[in-house]
Student: 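Below you will find the structure I want to go over with you.
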Amino acid sequence: MSSMSNGSGGSNGAASGGIGSVNGGLKRRLSNSPTKLSKRFVNAGALAPSSSLSPSSSSSSLPSSPTKKTLVDPRITESRKKLPIWAGREGIVDAVRENDTVVVLGETGSGKTTQIPQFLYEAGLGGPSSQMIGITQPRRVAATSLAKRVAVEMGVKELGAEVGYSIRFDDRTSNKTRIKFMTDGWLLREMLSGKDDGAMTRYSILILDEAHERSVHTDVLLGLAKRAQRLRRKMGEKYSPLKIVVMSATIDAEAFSQYFAPLAAPILYVKGRQFPITLYHSTEALQDWVEAAKKLLVQIGDLPPGDVLVFMTGAEEIESFARQLHELNQALKLHAQGANSRPPPEFIICPLYAALGPGAVAKVYAATPPGCRKVVLATNIAETSITIPGIGYVIDCGLAKQRSGGGVSVDMLEVKPISKSAARQRAGRAGRDGSGSCYRLYREDVFDSLEDTSPPEILRADLTSTMLDVLAMGLDPLSFDWMDRPDDEAMKESLVLLLELGALQHPTSQANGKVRPEENGHAEEEDMVPRFELTPLGRRMAALPLTPPLSRTLIAASELGLDTPRQALALVSILSSERRSILIDPPMLAADDEASSKRREEADRARHRMAHKSGDHITQLKALYAFEEQERASKRLLEAAANGAGSAKAASAMLKDWCETNFVSLKAVREVQKIREQLRTICKRLGMAVEADKDGDDAEMKGKGEEDDASSSDDEEKQNDGLYVTKGGASHRTAAHNHGGADSDDSYESLLRALIAGRKTNAAFRQPDGHTYTRAFSKDTFKIHPSSTLFSARRTPPNVIFFDELTFTTQIFARGVSAIEPSWLQ
Ligand SMILES: Nc1ncnc2c1ncn2[C@@H]1O[C@H](COP(=O)(O)OP(=O)(O)OP(=O)(O)O)[C@@H](O)[C@H]1O
């Protein structure tokens with residue numbers, strides 16, 4: 001760092017505790033202005049208030065924890081007591097006891113998420129043993145890590161006992177569980193299963209955490225929770241009222257409070273944080289923030305110990321940066337040797353993004369070896385809720401890949417500036433177990449110009465899935481009690497798409513007659529019937545934990561013989577996985593030196609070796625089959641090893657080598673296999689023919705290592721996490737042995753036709769310029785992404801294509817592209 005200086009509110013290390021009502025203080029506190037300029041960064045002041053309150057000021061008459069205290073490390077109990085929220089625990093418990101709904105507003109790290117569930121449980125508000133305190137999180141990594149932390153704090157030895165979590169592929173709860181962390185997608189699926197008739201009877205208290213993120217799931221859950229609360233009131237004495245706690249980090253808590261009118265919810269404000277964070281902004285506009293982040297890391301090398309968390313925009317940037325940092329490690333070591341000086345601490349590089357699984361998360365949480373500095377390279381997966389112990393420095397690029405309205409059924413991912421609220425959340429990942437610093441790679445006036453918060457996702461997202469979910473719960477999306485009502489046109493477009501897909505029946509006059517005119521979006525809707533009815537096909541689509549187009553594809557394929565359903569099951573599993581691909585994209589490999597450009601060429605060659613002439617979808621499928629062929633070979637080796645004729649190590653190495661050579665991601669394949677297994681079970685339950693019965697029977701894989709875990713999260717996961725499996729996670733089965741690449745090249749037409757059946761709107765036509773495409777009802781033009789097998793300067797681009805998604809970086813690209821025949825669109 002060129003130079004640094006402390007700001008006005010900067011270096012107070014003590015907790016400011018207690019709760020209060022909302023006032024302008026938070027705003028003032030969070031926007032302390034800089035006092036001194038540094039050469040490169042300007043200190044924008046610390047987030048901590050200058051006042052302090054000693055932990056001993058908290059007194060409480062609450063009953064003590066019902067958990068076995070002997071198991072709790074006294075240091076952990078002490079650290080809980082130092083959290084700002086501790087002093088206000090009685091106030092919080094009283095507020096929840098006295099009100100059906102409470103909004104809690106607090107600074108990052110004040111202790112909201114870990115402490116409030118414990119306070120309420122300890123105070124006996126957890127209800128009878130059949131009920132739980134449920135806490136929703138937008139992201140899986142948060143749900144699991146918070147459950148683990150709370151279990152440690154409560155002395156619960158085994159997750160799934162008093163404290164548990166439920167996320168896609170992993171349900172760690174039991175009938176003993178009283179505090180349950182879960183993704184919002186999980187709770188939505190529970191609601192969709194209809195087991196509790198919409199009244200959420202298995203929960204005594206529902207805590208909606210990080211509500212300010214306003215994901216689509218959060219908004220739907222807010223409406224469902226409010227409705228459940230009303231239904232519970234009508235259930236009389238059988239069930240206690242459902243308590244709702246909305247937790248938010250933005251000052252816009254009033255909107256949440258008003259949403260619960262006429263019984264407007266009280267807002268509790270948790271003041272302060274335990275440790276201060278010093279903020280620095282760039283004093284100049286940076287042309288290349290990646291390069292700036294690298295230089296900054298070198299400079300941080302000279303600062304006091306502390307791990308570093310770098311917020312980046314996506315997996316590609318992270319992987320490329322990780323490679324550069326590995327090289328930097330070597331360069332710094334050589335430099336120190338040359339200068340005969342002590343080398344700086346080695347960087348332990350830990351990527352953290354959607355497609356990486358619990359293995360990556362475990363590495364992030366592992367203790368940093370002495371003499372090293374951990375550098376976590378994360379997307380906004382790490383932006384909220386989580387505490388990574390040891391993080392002393394945060395570097396924030398100020399950007400994130402975000403979904404923007406690309407129109408109905410089109411996902412558009414765009415790199416855009418984050419909001420002020422997101423920037424504060426990012427800063428708040430430092431200073432959680434000691435004082436911290438946050439370096440913003442943008443100027444302070446840029447920070448000032450950012451939006452306060454991101455607009456609710458429901459106002460810009462494709463609503464097709466949401467409309468189907470709401471209808472499947474027997475509710476009318478047009479009169480649903482939305483906190484922010486989505487655009488009528490957008491809702492209607494989605495309903496039209498569902499009609500086209502055959503999921504809806506045309507409105508019946510009888511149903512229309514029953515719907516009361518909707519008043520300002522806050523109608524009492526439980527006595528209304530939907531204007532639209534789901535068809536049997538629509539009900540099947542809703543029962544599948546997939547987006548409506550992929551559900552439609554799977555159902556269409558299930559009626560097309562034996563091969564197509566089997567292929568569709570595999571392809572849909574790939575397309576609903578986090579990365580939507582099992583192949584490592586050549587552009588993900590940086591080509592800025594000879595070695596990496598050679599590797600990129602190898603990746604290109606591997607891609608073309610695997611490529612199917614129709615494009616990316618069948619290429620993916622064939623790659624999966626080729627992997628599974630290889631897996632069977634390695635299994636044979638493993639069996640030979642068991643008989644003393646080979647080595648288990650060699651079997652595992654063989655598979656890894658194959659993945660390396662062919663640029664196939666083992667983690668992604670494992671995730672796809674889990675999804676396929678889960679979908680196979682659900683399809684069978686729904687009576688759908690997806691595979692011949694013999695499928696998978698004799699291909700069970702056992703003893704796989706950590707690399708097999710591949711479900712994880714970031715923004716994209718929010719849409720996927722509705723998918724879940726039976727307790728204990730999916731079994732690890734692979735496809736049956738007759739599946740490996742046995743299909744002839746011509747046998748995929750039915751599969752591609754089934755794919756199009758789900759999403760005709762994603763067909764596009766080549767323009768007269770010869771290389772751009774446009775959709776039937778849109779003027780936007782785009783190109784095929786360089787990662788596609790159909791991207792090639794040498795080949796003539798196909799006349800008509802089908803694509804999975806549009807992404808926007810410097811221009812709009814279609815990703816996941818196949819060539820199709822125009823006649824297939826009829
Ligand atoms: N896994 C963990 N390891 C160590 N300390 C932890 C862990 N999780 C939480 N803590 C401690 O508890 C504090 C409060 O965390 P908590 O998640 O409850 O805060 P919060 O108010 O919900 O903040 P945020 O909204 O930023 O997540 C942290 O600042 C940290 O000191």
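What's counted below: heavy atoms across the whole structure, side chains too, no hydrogens, waters or symmetry copies. As the structure lists them, so they are numbered: ligands from 1, and atoms in each ligand from 1. Here the structure is a predicted model, which is why all the values come from computation and not from measurement.
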Student: Hey, is Pro389 one of the residues with a heavy atom under 4.0 angstrom from ligand 1?
Tutor: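 Checking ligand 1 against Pro389, which is what was asked, there is a heavy-atom contact under 4.0 Å.
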Student: Record the part of Leu83 in heavy-atom contact with ligand 1 below 4.0 Å; permitted values are side chain, backbone, both and neither.
Tutor: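 Under 4.0 Å from ligand 1, Leu83 contributes side-chain atoms alone.
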Student: Quick test of your reading of the model: are Glu158 and Lys148 salt-bridged, counting only N-O distances below 4.0 Å?
Tutor: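 A salt bridge is absent here (no side-chain N lies under 4.0 Å from a carboxylate O).
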Student: Enumerate the atoms of ligand 1 whose separation from the nearest heavy atom of Ser385 is less than 4.0 angstrom.
Tutor: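 Within the 4.0 Å cut-off of Ser385, ligand 1 contributes 17 (O), 27 (O).
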Student: Within ligand 1, which atoms have a heavy atom of Glu107 less than 4.0 Å away?
Tutor: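 Within the 4.0 Å cut-off of Glu107, ligand 1 contributes 21 (O).
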Student: Checking a contact table here: which protein heavy atom is nearest atom 23 (O) of ligand 1, and how many Å away?
Tutor: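 So the nearest neighbour among protein heavy atoms is Gly109 N, 2.8 Å.
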Student: Only heavy atoms of Glu210, strictly under 4.0 Å: list the atoms of ligand 1 that pass.
Tutor: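 Those of ligand 1 that fall under 4.0 Å from Glu210 are 25 (O), 27 (O).
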Student: Under 3.5 Å between any N/O of Thr113 and any N/O of ligand 1: does that happen in this structure?
Tutor: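 By distance alone, the answer is yes.
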Student: What I want to find out is whether Glu78 reaches Lys82 closely enough, with some N-O distance under 4.0 Å, to be called a salt bridge.
Tutor: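 Answer for the salt bridge query: no.
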Student: For residues Trp86 and Phe119, establish whether the separation of their ring centroids is below 6.0 Å.
Tutor: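 Judged by ring-centre distance (under 6.0 Å), Trp86 and Phe119 do meet the cut-off.
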Student: Would Arg429 count as a contact residue for ligand 1, given that I'm defining contact as a non-hydrogen atom of the residue lying under 4.0 Å from a ligand atom?
Tutor: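 Arg429: in contact with ligand 1 (<4.0 Å).
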Student: Can you confirm if the NZ or CZ of Lys374 lies within 45° of the ring axis of Phe347 and under 6.0 Å from the centre of its six-membered ring?
Tutor: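 The answer is no, since Lys374 fails at least one limit relative to Phe347.
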Student: Looking at Phe447, is Arg440 sitting on its ring face, NZ or CZ under 6.0 Å from the six-membered ring centre and within 45 degrees of the normal?
Tutor: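 Judged by the rule, Arg440 and Phe447 form a cation-pi pair.
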Student: For Glu210, is there an ion pair with Arg139 - N to carboxylate O distance below 4.0 angstrom?
Tutor: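 Salt bridge absent between Arg139 and Glu210.
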Student: Salt bridge between Lys112 and Asp209, side-chain N to carboxylate O under 4.0 Å?
Tutor: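 No.
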Student: Please list the nearest protein heavy atom to atom 4 (C) of ligand 1 with its residue and the distance rounded to 0.1 Å.
Tutor: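 That would be Arg149 NH1, 3.3 Å.
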Student: Provide, to 0.1 Å, the distance between atom 17 (O) of ligand 1 and the closest protein heavy atom, together with that atom's residue and name.
Tutor: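 Nearest neighbour among protein heavy atoms for atom 17 (O) of ligand 1, to 0.1 Å: Arg432 NH2, 3.2 Å.
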Student: I need the nearest protein heavy-atom contact for atom 25 (O) of ligand 1: residue, atom name and distance, please.
Tutor: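 It is Lys112 NZ, 3.1 Å.
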Student: With side chains defined as the heavy atoms from C-beta onward, is the minimum distance between Ile418 and Asp396 less than 4.5 Å?
Tutor: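 They are in contact (side-chain heavy atoms under 4.5 Å apart), so the answer is yes.
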Student: Does Asp307 reach the side chain of Val375, with side-chain heavy atoms less than 4.5 Å apart?
Tutor: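 Side chain of Asp307 against side chain of Val375, heavy atoms only: no contact under 4.5 Å found.
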Student: Any non-hydrogen atom of Gly106 lying under 4.0 Å from ligand 1?
Tutor: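 Heavy atoms of Gly106 never come under 4.0 Å of ligand 1.
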Student: Under 4.0 Å between a side-chain nitrogen and a carboxylate oxygen: does that hold for Asp484 and Arg214?
Tutor: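 A salt bridge links Asp484 with Arg214.
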Student: With nothing but distance in play, are any N or O atoms of Leu146 less than 3.5 Å from an N or O of ligand 1?
Tutor: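 No; the residue has no nitrogen or oxygen that sits under 3.5 Å from a nitrogen or oxygen of the ligand.
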Student: Could you tell me whether Lys420 and Glu451 make a salt bridge, using a distance below 4.0 angstrom between a side-chain N and a carboxylate O?
Tutor: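 Between Glu451 and Lys420 there is no salt bridge, as every charged N stays at least 4.0 Å from the carboxylate O atoms.
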Student: Answer with yes or no whether Gly428 contacts ligand 1, where contact means a heavy atom under 4.0 Å from a ligand atom.
Tutor: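 Flag not set, Gly428 not near ligand 1.
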Student: Around atom 14 (C) of ligand 1, find the nearest protein heavy atom and jot down its residue, atom name and distance.
Tutor: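 Its nearest protein heavy-atom neighbour is Gly111 CA, 3.6 Å.
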Student: Is there a nitrogen or oxygen of Glu153 sitting under 3.5 Å from a nitrogen or oxygen of ligand 1?
Tutor: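 Between Glu153 and ligand 1, no N or O pair is found under 3.5 Å apart.
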Student: Heavy-atom distances under 4.0 Å decide this one: backbone, side chain, both or neither, for Ser110 against ligand 1?
Tutor: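 Under 4.0 Å from ligand 1, Ser110 contributes backbone and side-chain atoms.
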Student: Would you call Glu162 and Arg172 a salt bridge, using N to O less than 4.0 angstrom?
Tutor: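 No salt bridge links Glu162 with Arg172.
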Student: Could you pull out the closest heavy-atom pair between Leu159 and Gly164, with the gap in Å?
Tutor: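 Answer, listing the atom of Leu159 first, then Gly164: CD2-CA, 4.4 Å.
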Student: Record the part of Met247 in heavy-atom contact with ligand 1 below 4.0 Å; permitted values are side chain, backbone, both and neither.
Tutor: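 Contact part for Met247 vs ligand 1: neither.
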Student: Can you figure out which of Asp433, Val104, Thr387 has its heavy atom closest to atom 28 (C) of ligand 1?
Tutor: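 Minimum heavy-atom distance to atom 28 (C) of ligand 1 goes to Thr387.
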Student: Taking only heavy atoms of Thr108, which atoms of ligand 1 are found under 4.0 Å from at least one of them?
Tutor: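 Per the distance check, 23 (O), 26 (O).
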Student: Could you check atom 18 (O) of ligand 1 against the protein and tell me its nearest heavy-atom contact, residue, atom and distance included?
Tutor: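 The closest one turns out to be Thr114 OG1, 2.5 Å.
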